[in-house]
Asker: 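Handing you a structure now.
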Number of protein chains: 2
Amino acid sequence: MTIQYCTGMARRHLTPQDWSTAALRAMAHGGVAAVSVNALAGELGTTRGSFYWHFKDRDALLTAALEVWEEDNTTALISELGDITDPRQRLTALFTTALGQHDINGLEPAIVAHADHPAVAPILRRVTDRRIAYLTDLYTNLGLAPAPARRQAVAAYAAYLGWLELRRSASDIVPEVAITGTTATAALEHLITELARSGEHQAKPE
Amino acid sequence: MTIQYCTGMARRHLTPQDWSTAALRAMAHGGVAAVSVNALAGELGTTRGSFYWHFKDRDALLTAALEVWEEDNTTALISELGDITDPRQRLTALFTTALGQHDINGLEPAIVAHADHPAVAPILRRVTDRRIAYLTDLYTNLGLAPAPARRQAVAAYAAYLGWLELRRSASDIVPEVAITGTTATAALEHLITELARSGEHQAKPE
DNA sequence: TTCCGCCCGTACACCCCTGTATGGAATGAC
DNA sequence: GTCATTCCATACAGGGGTGTACGGGCGGAA
């Protein structure tokens with residue numbers, strides 16, 4: 001995620017990973033349109049000749065970057081939570097981890113804004129499907145029947161997406177959403193516990 | 001929202017409103033980058049000469065279109081709900097009305113994706129601020145104290161934003177979110193009642 | 001040393017978009 | 001009919017991005 005500026009005379013060769021991460025940062029900041037080979041080359045301290053050696057064209061970079069996003073924010077995240085046995089702790093850890101990515105803030109709104117793009121649609125479809133399936137499985141482990149578990153999963157995922165969007169659009173107006181991590185404020189914990197408690201609420205009504 | 005194609009020989013003169021609505025539709029479909037004077041002119045059956053007579057430049061169109069969005073989806077929406085006296089009915093009517101805009105689906109993700117744009121930032125700030133303030137006032141009328149009312153308003157607004165985003169990105173995967181209006185499915189009502197009930201839950205815990 | 005494959009820099013043509021300048025059609029006033 | 005205003009069409013210059021062709025440095029192998 002850090003840029004390798006040319007500090008000495010010997011500059012390391014760039015990898016497709018470098019281009020992908022740079023593309024994700026540009027996409028998170030200025031949308032899909034900001035992913036221009038020109039701008040990324042200047043940002044990485046190289047020229048477009050390097051790019052067209054590693055990638056076929058711009059669409060190949062988009063798909064590669066989105067696959068990195070899929071891997072880091074879905075596949076790796078789910079596998080990391082496999083150690084936690086208690087489903088309630090898994091749920092809390094899942095949301096706190098997912099909401100902790102401040103550097104790539106605004107990436108998901110940018111991706112969703114171009115949901116019709118041929119390079120975006122299939123990956124966005126896979127990510128959404130897997131995330132909702134994981135949440136459904138999680139709420140099922142919490143004691144919900146399949147149908148309510150899926151409804152709860154959709155609601156929880158929508159709340160998570162909106163939380164990201166709100167944090168990007170108005171973190172100064174709504175300062176509660178800007179803070180996360182271990183020092184989460186009352187509003188963030190309110191949302192998470194609300195999503196966890198509502199599932200419990202239906203499983204065994206008090 | 002409907003395009004005035006040149007059906008006869010006498011074509012009506014275009015208004016700035018026509019350009020604004022066309023810009024909003026393009027923005028909802030392809031993001032801010034899709035708002036090009038060339039494409040809109042072709043879509044409206046005219047040339048760029050017409051555009052530059054009504055508007056100073058492209059940024060003027062963006063601000064005008066976003067002000068139309070602000071008026072239609074915030075100012076007019078709030079004033080329409082003034083007739084309903086019961087705050088709970090107001091809350092339900094608010095979400096069902098706000099979620100009923102299927103034609104401009106994906107507009108808010110596109111706007112949020114360019115939250116840093118100088119033409120987008122101030123309007124997005126006003127809209128977010130007013131909506132959260134309205135929701136906070138609504139939850140206060142439901143019996144919540146100021147601080148919990150604001151927390152609940154932020155959570156409810158985040159759920160609404162995420163619902164829109166989810167409906168745009170994966171309406172085929174999650175068919176529950178695609179349907180709305182009077183025949184809202186169980187998932188949609190689940191989210192709304194969940195947001196309404198959670199406020200009630202804190203006001204007078206059972 | 002010489003050669004070869006990897007990686008990058010440079011130059012070129014092409015396309016799309018913006019903004020402006022200018023001409024022209026249509027409409028109403030007189 | 002003449003004229004002025006409103007609205008749109010056309011032409012041009014400029015800029016930025018993409019994709020490609022080609023050349024050159026550079027390190028390892030024979």
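Order of the sequence lines sets the chain letters (A, B, ...), proteins ahead of strands, with each chain counted from 1.
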Asker: Under a 4.0 Å N-O cut-off, is there an ion pair linking Glu108(B) with Arg131(B)?
Answerer: yes
Asker: Any side-chain heavy atom of Leu81(B) sitting closer than 4.5 Å to one from Tyr134(B)?
Answerer: yes
Asker: Tyr52(A) versus Arg58(A): any side-chain heavy-atom pair under 4.5 Å?
Answerer: no
Asker: Regarding Thr47(B), tell me which of base, sugar-phosphate or nothing describes its non-hydrogen contacts under 4.0 Å with the strands shown.
Answerer: base
Asker: Just the rounded figure in Å: distance from P of dC7(D) to CG of Asp18(B).
Answerer: 12 Å
Asker: Please report, rounded to the nearest Å, how far the P atom of dG16(D) is from the CZ atom of Arg58(A).
Answerer: 17 Å
Asker: Once you round it to whole Å, what is the distance between C1' of dC17(C) and CG of Leu61(B)?
Answerer: 14 Å
Asker: Would you classify Asp57(A) as touching base, sugar-phosphate or nothing, given that sugar-phosphate means primed atoms plus P, OP1 and OP2, and contacts are heavy atoms under 4.0 Å?
Answerer: sugar-phosphate
Asker: In whole Å, I'd like the distance from the CG atom of Leu62(B) to the P atom of dG19(C).
Answerer: 10 Å
Asker: Whole angstroms only, please: what is the NE2-C1' distance between His13(A) and dC7(C)?
Answerer: 5 Å
Asker: Give one of base, sugar-phosphate or nothing for Arg48(B), where a contact means two heavy atoms less than 4.0 Å apart.
Answerer: base
Asker: May I ask you to decide if Ile132(B)'s main-chain N or O and Asp129(B)'s side chain share a donor-acceptor pair within less than 3.5 Å?
Answerer: no
Asker: Which whole-number value in Å describes the distance from Lys56(A) NZ to dT18(D) P?
Answerer: 14 Å
Asker: Nearest to the side chain of Tyr52(A) - dC8(C), dT18(D), dC8(D)?
Answerer: dT18(D)
Asker: Using only side-chain N and O atoms of His54(B), determine if any of them is under 4.0 Å from OP1 or OP2 of dC8(D).
Answerer: yes
Asker: How many Å lie between CG on Leu44(A) and C1' on dG9(C), as a whole number?
Answerer: 15 Å
Asker: Report the distance from atom CG of Asn38(B) to atom P of dG14(D), rounded to the nearest whole Å.
Answerer: 19 Å
Asker: Using a cut-off of less than 4.0 Å, is there contact between a side-chain N or O of Trp53(B) and OP1 or OP2 of dC8(D)?
Answerer: no
Asker: Within the structure provided, determine whether Glu80(B) and Thr75(B) are in side-chain contact (heavy-atom separation under 4.5 Å).
Answerer: no
Asker: Counting only side-chain nitrogens and oxygens, does Thr46(B) get under 4.0 Å of the OP1 or OP2 atom of dA9(D)?
Answerer: yes
